[in-house]
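Below you'll find the structure I mean.
Values reported hereafter were calculated over all heavy atoms of this structure, with side chains retained and with hydrogens, waters and symmetry mates removed. These numbers were taken from a predicted model, which means no experiment stands behind them. Chain naming here is simple, since letters A, B, ... match the order of the sequence lines and numbering starts at 1 in each.
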Protein chains: 2
Amino acid sequence: MIAELVTTGSELLLGQIVNTNAAYLAQELNKIGVDVCFQTTVGDNRERMKEVLSHALTRADIVITSGGLGPTRGDITKEVSAEVMGRTMALNEKCAERLKKYFARVGREMTENNLRQAMIPEGAHVFVNHAGTAPGVALEEKGKLLVNLPGPPPEMKDMFRRSLAPYLAEKSGVRTIILSRVLHTFGIGESMLETKLDDLILAQKNPTLALLVRPTGVIIRITAKAADEETARLLIEPAEKEIRARLGEFVYAIDDETMEEVVGRELKSRGLSVATAESCTGGLVASRLTDVAGSSEYVKGGVVSYTDEVKAEVLGVSRDLLAREGAVSGAVARAMAEGVRQKLGTDLGVSTTGLAGPGGGTEGTPVGTVFVAIAGSEGTQAEKYLFTGKRGQIKFRASQAALAMLRGYIKRYEQ
Amino acid sequence: MIAELVTTGSELLLGQIVNTNAAYLAQELNKIGVDVCFQTTVGDNRERMKEVLSHALTRADIVITSGGLGPTRGDITKEVSAEVMGRTMALNEKCAERLKKYFARVGREMTENNLRQAMIPEGAHVFVNHAGTAPGVALEEKGKLLVNLPGPPPEMKDMFRRSLAPYLAEKSGVRTIILSRVLHTFGIGESMLETKLDDLILAQKNPTLALLVRPTGVIIRITAKAADEETARLLIEPAEKEIRARLGEFVYAIDDETMEEVVGRELKSRGLSVATAESCTGGLVASRLTDVAGSSEYVKGGVVSYTDEVKAEVLGVSRDLLAREGAVSGAVARAMAEGVRQKLGTDLGVSTTGLAGPGGGTEGTPVGTVFVAIAGSEGTQAEKYLFTGKRGQIKFRASQAALAMLRGYIKRYEQ
């Protein structure tokens, strides 16, 4: 089955946003054995969109659009789709009900144009939008399938996973599937990874290996093609085992798992609590820890100490130490971690102090210098890092290093 | 002049890489007055690429490809382009010379297949590649222009800037440029905005108006076409003025400015300091405030109080109040903001307390309920919000609301 993706929206045509929807849909469709052979982008222009959709239906079995399902006059994808499939639009009571409920729930006034989102092509299959207001639709005609998905990535992805993927899988009775396993690493560079995995990368066939640099660190993608998931998994397993054997602790997570989720799981399984004391990361470590659902079970809280005064007054870092060593030092990082651990009465304390820049760098302490410390019943441990990049990147890398150090420290405790 | 971008390569079709080339080219072409009306992506498949290029030439005056100019057998863009334009390929001596020089310079052996890059369609205009080995070409036939650019972004961009942009400008005798002004709003929905701006949107011609939903809120893009930047600016000004008059404080920033930058500027210009007390946002408000370079001038720090204990012990929120009102309440939000302001000795305190979910919701306090409070010499102010979405979205929206409320409060102080 051949598919064409049609992403709509002037902001794409003008290049004001990058087309991540096309990449996501292509990747996910390939996983379920649907070949994406064409991707087209067109603006919110009736004639051009009509031409694009009609042409797409001549060369593809499945045409999937994203964008243009909103409540405004500029949102025309559903209407144009109905037109090329020879359907008329009608108000869908169920959709209208859901919209009214939605606005009632969020306590916002529902304006007339919102009802446009409840206008559905006759005989269309409706996909409920669990992340927003615009429903998706699927239209079938003479063996061709035309699907409209919303444009906002969270809504589009949620609808694809919940509704469209199973809907297509059922229709296509797919034979080959593609399965990927992603290994997330931290603390090891791309070239060092390549050196360690050189022979595997050269020998790769099925599964294939790919090294990709991400803000969180380098990831390794193992991808297998097979008739079914079980067979694909059996192809991936030995490769993953071998890579893990070579990389050890550098691998901290798999697939969609994040560093904060891994740390959270490790804390939870050991019944440990944690508190943060942040200078250069400015609350990012605490924010990432609390991005995880259920984190209130192990995160008691934290202190953002952006001034020496707060480091001394709230965290109890001695003013002598601050004066002697300077705020950006291993000694102060230790004192901050110990201070917050004591102040909040947690099992563990994690701290960061450094220079995120762009200003403030010196000969001895250049921008990007960051000290991270972990305090716990096993003693206090501090490390010095030197990160490159812009302020935001340095902040993020420092938070990643802090969470990675925390992960390492936790392993000293029994589960 | 209408242009279509054709990006080629299986890695795009498979979604393994995001199509940044299309965004770059669209943006740059628009700047020089070339309307990009279609973007198509196709793999390295002879038949399909042929179909795509032929069809593109029926609906566009200029077709620009990127990708598939490499030395391998899989690189077929140039050949297929020559075929659809009815040209034959021939070895271009100059290109061959340049290739030999290149390999001599980098001291690498030149393999046979490298010479394929010197094969050029007859009568083509050649663009020298200053960043790599693959030359670009332009083919003209019956008023249609077909251009092949290399795929690697550095080579493509360099060739566009040096060669293609001036080449097109000269051909089209272009006189128009496009200028955009983005107005960022918060606290008002897309449909309510459209209702307020309905007549302007209907009457739009030049400049045009577009409403786009972003995680930060809805943005309004005003885009003008004119012979020069000054004229475009004069077209945008009155439209911006009118929109601002209708939306007032809902507009908080322009163009690339962020809420945290705006708040930072307002604090700095008034010499005010701020501290954060965060429950449900878990440090995100502090992290965003400190994403701004120079924020150490006005951010003293903050407290992440994820437990009642920390709210009481560190922020001094009375245990009676916590028991009586519950942690997620306006009264506790007020006490948190006042507590951190006093504790850290700042001019202002901002607090958040709520339910980010997914768990913990009740009939009376559903997931997404968030209280934000601001404390300062002008008294304490609290607001209740109800946000939808996943945990991460609720956290972000709460942080945006907190910064927006802070912005509003700051305006009470003289500059």
Side-chain angles (χ1 to χ4, degrees), chain A residues 10-11 13-15 18-20 22-27 30 36-43 48 51-52 55 59 70-72 74 106-108 111 113-114 131 152 154 276 282-284 286-287 290-291 293-294 296 299-307 310 314 343-344 358-359 391-392 395, chain B residues 13-15 18-20 22-27 30 36-43 48 51-52 55 59 189-192 194-195 201 210-213 276 282-284 286-287 290-291 293-294 296 299-307 310 314 343-344 358-359 386 388-389 391-393 395:
Chain A
S10 312
E11 64 274 30
L13 274 189
L14 292 168
V18 173
N19 196 342
T20 54
Y24 173 86
L25 286 169
Q27 220 168 34
N30 270 281
V36 176
C37 295
F38 307 95
Q39 297 172 8
T40 309
T41 301
V42 63
R48 294 200 183 111
E51 190 273 339
V52 163
H55 188 68
R59 61 188 180 186
T72 73
V106 300
R108 258 172 50 206
T111 56
N113 50 11
N114 281 113
T276 58
L284 184 57
S287 183
T290 56
D291 279 342
S296 51
V299 177
K300 274 200 175 181
V303 172
V304 176
S305 53
Y306 230 52
T307 61
V310 177
V314 184
K343 181 94 183 173
L344 270 61
R391 182 180 177 86
K395 268 186 76 176
Chain B
L13 275 188
L14 291 169
V18 173
N19 196 342
T20 54
Y24 173 85
L25 285 169
Q27 221 166 31
N30 269 283
V36 175
C37 295
F38 307 94
Q39 296 171 9
T40 309
T41 300
V42 63
R48 294 198 183 113
E51 190 274 339
V52 163
H55 188 67
R59 61 188 180 187
E190 189 181 14
S191 5
M192 182 55 72
E194 194 184 42
T195 313
I201 293 167
L211 302 182
L212 304 163
V213 179
T276 58
L284 184 56
S287 183
T290 57
D291 279 343
S296 52
V299 177
K300 273 202 176 180
V303 173
V304 177
S305 55
Y306 230 51
T307 61
V310 176
V314 184
K343 181 93 182 174
L344 270 61
L386 184 58
T388 55
R391 182 180 177 87
Q393 293 167 299
K395 266 186 77 176

Q | Most contacts with chain B, counted as non-hydrogen pairs under 4.5 angstrom, among A:Val303, A:Thr72, A:Val42, A:Thr276 | A |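 Answer, by heavy-atom pair count under 4.5 Å with chain B: A:Thr72.
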Q.
Looking at chain A, which one of B:Ser191, B:Gly43, B:Ala286 has the largest number of heavy-atom pairs inside 4.5 Å, strictly under?
A.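 Top option by heavy-atom pairs under 4.5 Å: B:Ser191.
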Q | Smallest separation among heavy atoms of B:Ala26 and A:Leu13, with atom names | A |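 Nearest heavy atoms, B:Ala26 then A:Leu13: CB-O, 2.9 Å.
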Q: Find the distance between CD (A:Glu51) and CZ (B:Phe38) and round it off to the nearest 0.5 Å.
A: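 A:Glu51 CD to B:Phe38 CZ: 5.5 Å, rounded to 0.5 Å.
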Q: Measure distances from A:Arg391 to the heavy atoms of chain B and classify the residue's part below 4.5 Å as side chain, backbone, both or neither.
A: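 For A:Arg391, side-chain heavy atoms alone lie under 4.5 Å from chain B.
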Q | Residue among A:Asn114, A:Asn113, A:Leu284 with most heavy-atom pairs under 4.5 Å to chain B | A |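 Sorted descending by pairs with chain B, the first entry is A:Asn113.
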Q: Under 4.5 Å, counting heavy-atom pairs only, tell me which of A:Ser10, A:Cys37, A:Pro358 racks up the most with chain B.
A: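 When all of A:Ser10, A:Cys37, A:Pro358 are compared, A:Cys37 has the most.
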Q) Do you know which of A:Ser305, A:Ser296, A:Pro154 has the most heavy-atom pairs with chain B at a distance under 4.5 angstrom? A)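 So the answer, after comparing A:Ser305, A:Ser296, A:Pro154, is A:Ser296.
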Q | Proximal component of A:Thr111, with respect to chain B [non-hydrogen, under 4.5 Å] | A |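 For A:Thr111, the contact with chain B is made by the side chain alone.
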Q: List the atom of A:Arg108, the atom of B:Gly189, and the distance in Å for their closest heavy-atom pair.
A: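 Reported closest heavy-atom pair: NH2-CA, 4.4 Å.
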Q. Atom CG of A:Asn19 and atom OG1 of B:Thr20: how far apart are they, to the nearest 0.5 Å?
A.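 With rounding to 0.5 Å, CG (A:Asn19) is 11.0 Å from OG1 (B:Thr20).
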Q.
Measuring from atom CZ of A:Arg59 to atom NE2 of B:His55, what distance do you get when rounded to the nearest 0.5 angstrom?
A.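 If we round to the nearest 0.5 Å, A:Arg59:CZ and B:His55:NE2 are 6.5 Å apart.
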Q) Of all of B:Val213, B:Thr195, B:Leu386, B:Val36, which one pairs up most often with chain A through heavy atoms under 4.5 Å apart? A)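 Of B:Val213, B:Thr195, B:Leu386, B:Val36, B:Val36 has the most heavy-atom pairs under 4.5 Å with chain A.
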Q) Checking heavy atoms, do the side chain of B:Thr388, its backbone, both or neither come under 4.5 Å from chain A? A)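 The side chain, not the backbone.
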Q.
Test your reading of the model: is there a side-chain donor-acceptor pair from A:Gln39 to the backbone of B:Thr41, 3.5 Å cut-off?
A.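 Checking the backbone N and O of B:Thr41 against the side chain of A:Gln39, no donor-acceptor pair under 3.5 Å is found.
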Q: Search all heavy atoms of B:Val314 against all heavy atoms of A:Leu344 and return the closest pair with its distance.
A: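 Taking B:Val314 first and A:Leu344 second, the nearest heavy atoms are CG2-CD1, 4.0 Å.
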Q. Could you state the interatomic distance from CG (B:Leu14) to CG (A:Asn30), rounded to the nearest 0.5 Å?
A.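 These two atoms lie 4.5 Å from each other.
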Q: Heavy atoms only: give me the nearest B:Gln27-A:Gly15 pair and the separation to one decimal.
A: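 The answer is NE2-O, 3.3 Å.
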Q: Side chain from CB out, backbone as N, CA, C, O: work out which of these in A:Val310 comes under 4.5 Å of a heavy atom of chain B, or both, or neither.
A: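 Side chain only.
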Q. Given that the side chain runs from C-beta out, which part of B:Leu212 has a heavy atom under 4.5 Å from chain A: side chain, backbone, both or neither?
A.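 Just its side chain gets close to chain A.
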Q. Which bit of B:Ala210 is near chain A, if near means a heavy-atom gap under 4.5 Å: side chain, backbone, both or neither?
A.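 Interface part for B:Ala210: neither.
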Q: Please determine, among A:Thr290, A:Leu25, A:Thr307, the option with the most heavy-atom pairs under 4.5 Å with chain B.
A: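 Among A:Thr290, A:Leu25, A:Thr307, the one with the most close pairs to chain B is A:Thr290.
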Q | Most chain B-contacting option - heavy-atom pairs closer than 4.5 Å, from A:Gly302, A:Gly301, A:Gly283 | A |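 Of the candidates given, the most pairs with chain B belong to A:Gly302.
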Q. So, B:Lys395 side chain and A:Ser287 main chain: donor-acceptor pair closer than 3.5 Å or not?
A.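 Confirmed, B:Lys395 side chain pairs with A:Ser287 backbone.
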Q | Under 4.5 Å from any heavy atom of chain B - which part of A:Ala131 | A |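 For A:Ala131, neither part sits under 4.5 Å from chain B.
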